[in-house]
Each structure stands twice: as structure tokens, then as C-alpha cells.
Protein chains: 2
Amino acid sequence: MNMILPVTEELGRSRPLAKREAPTWTLPLDQILMGDCITEMARLPAKSVDMIFADPPYNLQLGGELFRPEGGRVDACDDDWDKFDSLAAYDDFTREWLAEARRILKDNGTIWVIGSYHNIYRVGSLLQDADFWILNDIVWRKANPMPNFRGTRFTNAHETLLWCAKDEKARYTFNYRAMKALNDDLQMRSDWVLPICSGGERVKGNDGGKAHPTQKPEALLYRILLACTKPGDVVLDPFFGTGTTGAVARRLQRRWIGIERERAYVKVASERIASTLPLDESAMQTVADKRSQPRVAFGLLVESGMVPPGATLTDSKRRWTASVRADGSLACAEHSGSIHKVGAALQGAPSCNGWTFWHVEQDGALVVIDALRQKHLAGL
Amino acid sequence: MNMILPVTEELGRSRPLAKREAPTWTLPLDQILMGDCITEMARLPAKSVDMIFADPPYNLQLGGELFRPEGGRVDACDDDWDKFDSLAAYDDFTREWLAEARRILKDNGTIWVIGSYHNIYRVGSLLQDADFWILNDIVWRKANPMPNFRGTRFTNAHETLLWCAKDEKARYTFNYRAMKALNDDLQMRSDWVLPICSGGERVKGNDGGKAHPTQKPEALLYRILLACTKPGDVVLDPFFGTGTTGAVARRLQRRWIGIERERAYVKVASERIASTLPLDESAMQTVADKRSQPRVAFGLLVESGMVPPGATLTDSKRRWTASVRADGSLACAEHSGSIHKVGAALQGAPSCNGWTFWHVEQDGALVVIDALRQKHLAGL
DNA sequence: CGATGCCTTGAATCCCTTG
DNA sequence: CCAAGGGATTCAAGGCATC
């Protein structure tokens with residue numbers, strides 16, 4: 001079965017293509033293809049997408065029911081789509097979709113795969129077998145994981161992501177400066193502390209419960225897409241689920257293609273993405289060269305949505321304003337850079353503590369961004 | 001070549017062995033076996049060690065070390081190895097030493113393997129292929145990693161450890177309470193923040209430089225041995241290097257066996273371990289695991305008059321009450337039976353720990369009956 | 001309106017001894 | 001071998017009601 005659901009209007013700028021790359025096909029951009037991931041991938045043309053983000057079944061192999069100490073039952077991920085007859089069956093499935101992924105990916109494109117210890121060693125090994133070249137393994141350290149209720153193991157508090165190029169020589173995209181800016185002017189490390197997806201971000205089903213058992217946080221996709229794609233790049237997600245990849249891609253003005261088998265998830269994802277708005281141009285500017293050197297601890301607040309890209313900051317007396325860009329740097333008419341640098345430049349001062357200088361308007365009142373930082377710190 | 005170097009005197013208490021386990025062999029305890037790891041492991045008896053810690057070659061693919069199936073080192077200037085051959089050779093080598101490890105390990109023993117993204121996906125996959133059962137993957141988050149100098153990737157700031165039992169049903173050792181105590185009374189998580197090995201701990205060679213390129217921090221082994229072995233247990237390290245495993249094992253009063261092929265490392269490790277002192281008895285005390293405490297029947301407290309027959313028990317919020325019968329069972333309007341069964345029935349829960357659920361009123365305050373049990377155990 | 005406290009929940013390979 | 005039953009076991013967030 002193949003059903004193409006157009007979700008968004010055309011957006012993003014068209015990028016000039018080199019002669020050799022001129023495609024003879026048209027990609028189903030910004031759409032969800034409903035159907036089996038391998039079948040649908042097989043219909044897509046070779047070397048056509050810039051990035052693949054894949055959140056495949058983990059093959060959890062859970063036993064019986066698990067109860068919490070106070071008696072509650074753990075709502076396990078026991079869906080049929082996560083069940084495989086054997087490790088060999090899981091390997092066959094993985095080999096197959098990885099082969100299609102490799103075919104579809106541009107030569108300088110990269111692939112991200114997320115998993116847990118149940119499956120990630122299979123996936124990593126098969127990625128290497130398929131001649132993918134691992135660039136990093138990334139650890140998502142969950143700020144608020146589920147505890148181990150029986151006291152039998154260490155709290156399983158992380159998941160692993162693999163980031164690979166098609167081969168050792170590939171010239172992949174890595175927005176080093178944007179990542180450094182997002183991390184308080186320190187190199188972004190291979191371990192990322194992020195909360196799990198909950199609260200308002202978690203998509204609810206008709207029954208009020210979670211629409212999907214394994215929805216990923218937008219902050220995770222935000223960092224991945226900001227790090228490894230450019231605006232207008234095409235991102236394919238063959239295990240689309242509730243469409244986190246599509247929502248973040250649209251927000252960051254990337255193009256996306258989703259593949260999803262379950263009709264219910266397709267519906268949920270379509271509605272979700274349709275209600276997501278792309279960032280405007282000024283927010284989309286990322287640090288391009290050394291001179292802008294933003295010094296921001298601030299990026300984490302941007303990433304987590306506490307201060308959304310595009311938000312306007314002002315000083316306590318509303319004499320100046322500046323807008324927040326996607327990588328946590330600020331821009332106003334004459335200046336751009338870190339919260340500290342722009343604050344200093346506007347005041348004509350040699351230096352400025354941006355944390356106490358800048359404020360955001362919240363519910364009609366000005367809130368100093370240092371308060372938000374404290375809130376964030378307290379939350380971690 | 002096989003050279004046995006006795007390093008330490010006998011230490012640790014002898015553990016009583018069940019009849020069936022009575023060994024007909026003698027292990028080379030607290031010694032370094034000099035030679036190839038697979039050859040030396042092949043000499044050790046089956047099901048004889050409680051834990052294996054392995055820090056195998058990482059197969060960095062930097063034009064550096066490659067290993068033949070038999071474990072021999074490939075001459076670094078041999079350029080004929082293509083990627084497939086090197087991965088396959090690494091897999092063969094890994095399969096071989098894992099097979100020996102599995103043979104030597106007791107049925108309830110566990111194995112730890114550390115690696116980086118270069119090799120850990122091969123190792124993890126082959127562990128599963130060899131029917132090992134992954135209990136956790138642990139992320140060692142380096143507090144002070146080497147930066148990525150070229151700005152082409154995320155800072156590679158962690159290594160991964162795999163902790164496995166021999167099969168799904170194995171009853172492995174996990175000192176839950178000790179780990180919780182080590183982590184400020186919170187469950188120990190799967191991500192460990194530890195500094196890399198440097199400073200005075202780093203063993204120096206004759207030239208003043210580091211004696212070994214990949215010496216692991218003692219804190220890492222300390223946590224592993226404290227978590228997953230008991231005093232007197234035997235730990236095998238087939239890639240002994242500078243002997244961190246031996247040094248920490250001796251400190252924590254565990255027995256150890258090291259295998260190392262390089263004479264220089266054997267010498268360094270011997271001297272290092274000889275100068276390491278075991279902790280004294282008082283320092284060796286760890287938080288007692290409740291599971292290992294002797295059982296006390298609730299009836300015993302009734303018998304001794306600590307909780308008189310006819311006394312009324314209630315939960316912490318006084319939502320339910322029940323009365324104590326002469327035989328130590330409870331009764332309320334609708335249910336009767338053990339403290340556990342009645343507690344479970346009243347709550348509609350699948351199970352209940354009556355010891356922590358029920359309270360007695362003493363001097364106007366509620367006292368949990370588990371406290372009375374502890375008092376009884378203490379002989380008060 | 002803010003502070004407090006209770007309830008719910010999240011990709012989970014989640015017990016062990018005795019009869 | 002299985003069945004029964006004792007009794008060991010939870011962290012951080014968000015939502016919501018209450019004070």
C-alpha cells in the first residue's frame with residue numbers, strides 16, 4: 001500500500017544543483033508515505049537525500065509484566081512492530097533497510113540511527129558491514145529516565161545514536177560552529193543530556209494516553225538537524241512515528257520525507273507537522289565564520305524551547321532589542337553574536353553580562369534570562 | 001611461552017564451596033600469566049572464575065594495530081589489509097577469546113568488556129551471538145576528554161562498557177545497595193562520569209612517558225568490582241596491561257588472574273600491584289544488602305511480645321487497619337493471611353511488602369514494623 | 001497568586017527460596 | 001520440574017488539586 005499525504009506547502013529555498021546532480025526524478029518532499037519502510041524506500045531514487053534519521057524497532061524482548069514498588073503497572077512497549085522471531089530475523093530486517101538507506105543516500109550524506117543496548121550492537125555492526133563509516137557514537141543521557149524498579153541492574157539511563165558517512169572519504173556536513181555556539185562556546189561532546197519527551201510535547205491519542213510508545217524529544221532532532229544538515233536539505237525518516245523528524249525539519253527549514261506503516265501514526269504526524277511553523281529568516285541565521293564567535297551558554301535554553309529561536313530580547317528599560325537565532329546567538333540591526341557581545345556593543349561598554357542584561361517578555365512582564373538559566377539548571 | 005609470576009601472598013577469606021563445585025584444579029591466583037591471551041585462557045579450567053574484565057584492542061583503523069584470527073599482531077606497515085579483511089580478522093579474534101571467556105566463566109559469573117565505537121559494536125554483536133545476555137551497557141563519560149582538534153566531529157568524550165551474564169536466567173551478583181550508597185542514595189545509573197587516568201595514578205615508563213597508551217582509571221574498576229563481585233571472588237583480566245584490574249582487586253580483597261603478552265607490561269604491573277595494599281576490614285564494610293539478611297518471620301515478633309496478639313496494625317496513612325492474630329497472621333473485615341497477602345489484598349495490588357506497609361502505634365507515633373524487625377535482628 | 005503536596009508516568013530484556 | 005509465596009524494589013517531571 002502506498003498513500004502519499006501532502007502535509008505542507010512548498011517551503012524553503014531551492015538550492016542550485018551542480019550539473020552532475022541534476023535529478024531526473026521528483027522527490028515526494030514534505031510528505032508521509034504510508035506503507036512498509038523497505039517497500040517505500042525501494043521506490044525512492046538513488047542518491048537523492050542528504051540525511052537519513054532512523055528510529056527502528058528496538059526488539060526489546062520483554063518478559064512478563066513489571067510492577068512498580070507502589071503497585072502500579074509499567075506501560076511497556078509491547079507492540080507487534082517491535083517483535084522479531086530471533087536475532088537473525090532482526091539482522092535480516094536491519095540489513096535490508098540499511099541497504100535501501102545506503103542506496104537512497106547521497107554520497108556525501110550521513111545517516112543517524114538511534115537504539116538501545118537491545119539492538120544498537122546489531123545495528124552498529126551491520127552498518128560497518130555495509131561499509132558505512134562511523135563518525136561518532138552519541139549518548140543521549142536521559143535527565144529523567146525510568147528507574148530500575150527491582151534493584152537488579154543499573155538504571156538504564158541512556159540511549160545510543162550512531163552517526164555515519166557512506167565511506168571514509170565522504171565530505172559530510174558538520175556545522176561545527178553552530179554546535180560550539182549551542183554549547184557555551186565549548187566543543188559539543190558525544191554525550192548529550194536531554195529530558196525524555198513528556199508534558200505538552202508528548203502527542204496524545206484519542207484516549208488521552210500517549211499516541212506512540214516511543215516518541216523522541218524534539219530537542220534531540222533539533223541538535224541533529226542543526227549539526228548535520230543545511231537549510232533546504234532533504235531528510236528521510238523511514239520510521240516516522242509521530243513525525244518528530246518532520247516537525248523539527250519544518251521548523252528548521254529543512255525538507256523531509258516520512259515513511260510510516262500505521263495509519264493512526266500517519267494521521268497524528270500530519271496534524272502535528274501542519275501545526276508547526278518554520279522559523280523566520282533572522283532566526284535561521286547560524287554562525288558562519290569565526291568573527292561572529294557567539295559565547296553563549298544560552299544555546300541550551302534555545303534548544304529546549306525555553307527561549308524559542310526568533311524570540312525578542314530586551315534590556316530592563318526596553319531601550320534595545322535583539323532577536324534570538326537558531327544557534328543561540330543574538331542579532332539586532334547593527335550587531336550579532338553572543339548575548340554578552342551584543343549587549344556590550346549596544347551599550348558601548350567594554351563588556352556586559354548578557355545573562356543579567358537581557359530579558360524576555362513573559363505574560364506581560366519582563367523576565368531576566370538569568371532566571372531562566374537558573375530554572376533550567378534546577379531542572380537538570 | 002608461559003611464565004607464572006606470583007605477585008601477592010594469599011589474601012581474602014576462603015569461601016565454602018558447595019559439593020558439586022569442589023574443584024579438582026588449582027587456579028593461578030593473584031598472578032600474571034605471560035603469553036598470548038587465547039593460549040593462556042585455554043589452559044584455565046572451565047567454570048572457574050566469577051568475573052572477567054576485558055579491555056581488548058580497539059582496532060582503531062588508524063593504520064595501527066590489526067589482529068589476525070589467532071591474535072597475532074599484524075605488521076603495521078602491511079598495507080594489503082582492506083577494510084573487510086580487517087573487520088573480519090577482528091571479528092575472528094574476538095569470537096575466539098570470547099569463546100574461551102565463556103568456557104572459563106562460572107555459570108553465574110559476568111563479563112565486562114570496554115571499547116570505543118571502533119570495536120564495541122563488533123564486540124556487542126558477537127557477545128550476543130555467543131549467547132551472552134546483556135545486562136547493561138555502561139557509558140563512561142570522560143570528565144576530561146581529548147578535544148577534536150580539527151573540528152570535524154563531536155568530541156569523542158566517552159567509552160562504552162558491556163556487562164553480560166552467561167544467559168538470561170543466570171543469577172548474577174549485583175550489589176545494589178552498595179551502588180546506591182556510592183551514588184548519594186540514588187540508584188546508580190548507566191552513565192558514569194569519571195576522569196581519565198592521569199597524574200600520579202598514571203604509571204610511567206623508563207623514559208618518563210606513559211607506560212601504557214590506554215591505562216584505565218582505578219575508579220572505573222573500583223566501581224565494577226564493588227558492584228558485581230564479592231570479597232574473595234576471582235576476577236580474570238585477559239588483557240592485563242599495567243594491571244589496573246589486579247591493583248583494584250587486591251585493594252578490594254578480590255582474587256585476580258592477569259594475562260599479558262608484553263614482558264614490559266608484566267613487569268610494570270607486578271611492581272604496581274605489589275605496592276598496593278588491601279583495604280582493612282573496617283574499610284571493606286559495605287552497606288548490607290537486605291536480601292542477604294536472615295529472614296525473620298513476623299510471628300517471631302508476636303512470639304517475643306514485640307507486637308502482642310490483638311494489636312492493631314495500620315498503613316502509613318491510616319487508610320486500612322488489621323489486627324494481629326496469635327499465629328502472626330493478620331485479619332481485617334474482608335481478608336486474612338500473612339502481612340504481605342493482606343496488604344496486597346487491601347490495596348488491590350499484585351504484591352506488597354508487609355514489612356514496609358504496616359505500622360504500629362507507639363507513643364502516639366506510627367512505627368513501621370520493619371523497624372521492629374531490624375531491632376529484633378540487632379538483638380534488642 | 002504562589003507554594004505545597006499528591007498522583008501519574010517514561011523504549012524495561014527487573015526475584016528467589018521453599019516445598 | 002513446577003507452584004506458591006515471602007518480601008524486595010523508584011527518579012524526575014508534569015499536571016492538578018488544595019491551601
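Order of the sequence lines fixes the chain letters, A, B, ..., with proteins taken first and strands second; residue numbering starts at 1 for each chain. Computed from a prediction, not measured in an experiment: that's the story for all the values here.
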Round to a whole Å and report the spacing from NZ of B:K341 to P of D:dA3. 16 Å
Nearest-Å distance for atom pair CE/C1', residues B:M179 and D:dC11: 18 Å
Distance, C1' atom - from C:dT8 to D:dT10, rounded to whole angstrom: 13 Å
Going by a 90° cut-off around 0, is C:dT13 syn or anti? syn
Decide, applying a 5.5 Å centre-distance limit and a 30° plane-angle limit (both strict), whether B:W133 stacks on C:dT13. yes
Among A:I114, A:V123, A:T214, side chain to side chain contact (heavy atoms under 4.5 Å, CB included) partner for A:Y58: A:I114
Of all the nucleotides listed (C:dC14, C:dA11, D:dG6), which has the minimum atom distance to the side chain of B:R295? D:dG6
Report the distance from atom CZ of B:F174 to atom C1' of C:dA12, rounded to the nearest whole Å. 14 Å
Closer than 4.0 Å, any side-chain N/O of B:Y176 to the OP1 or OP2 of D:dA8? no
Check this one for me: any side-chain N or O of A:R141 less than 4.0 Å away from OP1 or OP2 of D:dA12? no
Using a strict heavy-atom distance below 4.0 Å, which residues from residues 200-213 of chain A are in contact with DNA chain C? A:R202, A:K210, A:P213
Taking the six-membered ring of A:Y222 as reference, does the cationic atom of A:R251 (NZ for Lys, CZ for Arg) lie under 6.0 Å from its centre and within 45° of its axis? no
Under 4.0 Å between any heavy atoms, over every strand shown, what does A:L62 touch: base, sugar-phosphate, or nothing? Just pick one. base
Indicate, with a heavy-atom threshold strictly under 4.0 Å, whether A:P217 touches base, sugar-phosphate, or nothing. nothing
OP1, OP2 of C:dT13 versus side-chain N and O of B:K169: anything below 4.0 Å? no
Ionic contact status for B:D191 with B:R141, cut-off 4.0 Å: no
Reckon B:Y172 has a side-chain N or O less than 4.0 Å from the OP1 or OP2 of C:dC14? no
For the residue pair B:R318 and B:T314, confirm or rule out a side-chain donor-acceptor distance under 3.5 Å. no
Can you check the distance between D:dA8 and C:dT13, where both ends of the measurement are the P atom (answer in whole Å)? 23 Å
Using a cut-off of strictly less than 4.0 Å, decide whether B:H340 has a side-chain nitrogen or oxygen near OP1 or OP2 of D:dG6. no
With a 4.0 Å cut-off on N to O distance, would you call B:D289 and B:R177 a salt bridge? no
Could you check whether atom NZ of B:K375 has more than 12 heavy atoms from other residues, nucleotides or ligands sitting under 6.0 Å from it? no
Can you figure out which of D:dT10, C:dA11, C:dA12 approaches the side chain of A:P69 most closely? D:dT10
Determine the contact category for B:E168: base if any of its heavy atoms lies under 4.0 Å from a base atom, sugar-phosphate if only primed atoms, P, OP1 or OP2 are that close, otherwise nothing. nothing
What's A:S116 touching, base or sugar-phosphate or nothing? Going by heavy atoms closer than 4.0 Å. nothing
Which nucleotide wins on minimum distance to the side chain of B:N353, given the candidates C:dA12, C:dC16, D:dT9? D:dT9
Taking only Lys NZ, Arg NE, NH1 and NH2, and the carboxylate oxygens of Asp or Glu, determine whether B:K290 and B:D370 approach each other closer than 4.0 Å. yes
Residue pair A:R202 / A:T242, side-chain donor-acceptor N/O under 3.5 Å: no
So B:I134, base contact, sugar-phosphate only, or nothing? Heavy-atom distance under 4.0 Å. base
Heavy atoms only, 4.0 Å cut-off, all strands: where does B:R373 land among base, sugar-phosphate and nothing? sugar-phosphate
Would you say the base of D:dA8 and the side-chain of B:S351 have a donor-acceptor pair closer than 3.5 Å? yes
Between A:Y58 and B:K317, the residue closer to the 5' end of DNA chain C by nearest nucleotide is B:K317
Whole-Å distance separating the CE atom of A:M146 from the P atom of C:dA11: 8 Å
Do any side-chain nitrogens or oxygens of A:R150 fall under 4.0 Å of OP1 or OP2 in D:dA8? no
Quick one about A:H118 and A:S116 (side-chain donor to acceptor, distance below 3.5 Å, no hydrogens or angles considered), yes or no? yes
Nearest-nucleotide wise, let me know which of A:R68 and A:T152 is further upstream toward the 5' end of DNA chain C. A:R68
So, is A:N156 close to the C:dT13 phosphate, meaning a side-chain N or O under 4.0 Å from OP1 or OP2? yes
A:H212 and A:Y265 aromatic ring geometry - parallel, tilted or perpendicular at 30°/60° bounds: tilted
Just by distance, with hydrogens left out, do B:Y176 and A:N148 show a side-chain donor and acceptor under 3.5 Å apart? no
Between C1' on C:dG10 and CZ on A:F149, what's the gap in Å once rounded to a whole number? 8 Å
Closest listed nucleotide, where the reference is the side chain of B:Q128 and the choices are C:dT13, C:dT9, D:dA8: C:dT13
The side chain of A:L66 lies closest to which of these nucleotides: C:dA12, C:dA11, C:dT13? C:dA12
What is the nucleic acid contact for A:C197, judged by heavy atoms within less than 4.0 Å: base, sugar-phosphate only, or nothing? nothing
Is it true that B:K169 and B:D167 have a side-chain N and a carboxylate O under 4.0 angstrom from each other? no
Distance, C1' atom - from C:dC1 to D:dT18, rounded to whole angstrom: 13 Å
Involving DNA chain C, stems made of at least three consecutive Watson-Crick or G-U pairs, both distances under 3.5 Å: C:2-10 with D:11-19, C:15-19 with D:2-6
Rounded to the nearest angstrom, tell me the gap between atom CG in B:D289 and atom C1' in D:dG7. 13 Å
Using a cut-off of 4.0 Å on non-hydrogen atoms, how would the nucleic acid contact of B:D137 be classed: base, sugar-phosphate, or nothing? nothing
Closest to the B:W355 side chain: D:dT10, D:dA8, C:dA11? D:dA8
What's the CG-P distance between A:L60 and C:dG10, to the nearest Å? 14 Å
Using OP1 and OP2 only, check whether a side-chain N or O of B:R171 sits under 4.0 Å from C:dT17. yes
Answer yes or no: does a side-chain N or O of A:S198 lie under 4.0 Å from OP1 or OP2 of C:dG10? no
Rounded to whole Å, please give me the gap between CG in A:L194 and P in C:dG10. 19 Å
Any B:R291 side-chain N or O less than 4.0 Å from OP1/OP2 of C:dT17: no
What does A:D82 touch in the nucleic acid at a heavy-atom separation under 4.0 angstrom: a base, only the sugar-phosphate, or nothing? base
Using the C1' atom on both, measure C:dG10 against C:dC14 and round to a whole Å. 15 Å
Side-chain N,O (A:N144) to OP1/OP2 (D:dC11) below 4.0 Å: no
Applying a 4.0 Å non-hydrogen cut-off, can you work out what A:G64 is touching in the nucleic acid: base, sugar-phosphate, or nothing? base
Quick one: do B:W163 and B:Y172 satisfy ring-ring contact (aromatic ring centres under 6.0 Å, His included)? Show the steps, please. CA-CA 11 Å; B:W163 177 40; B:Y172 53 89; 5.4 Å; yes
A:W256 vs A:T245, side-chain hydrogen bond (donor to acceptor under 3.5 Å, both in side chains): CA-CA, chis, key distance, verdict: CA-CA 8 Å; A:W256 56 273; A:T245 303; over 6 Å; no
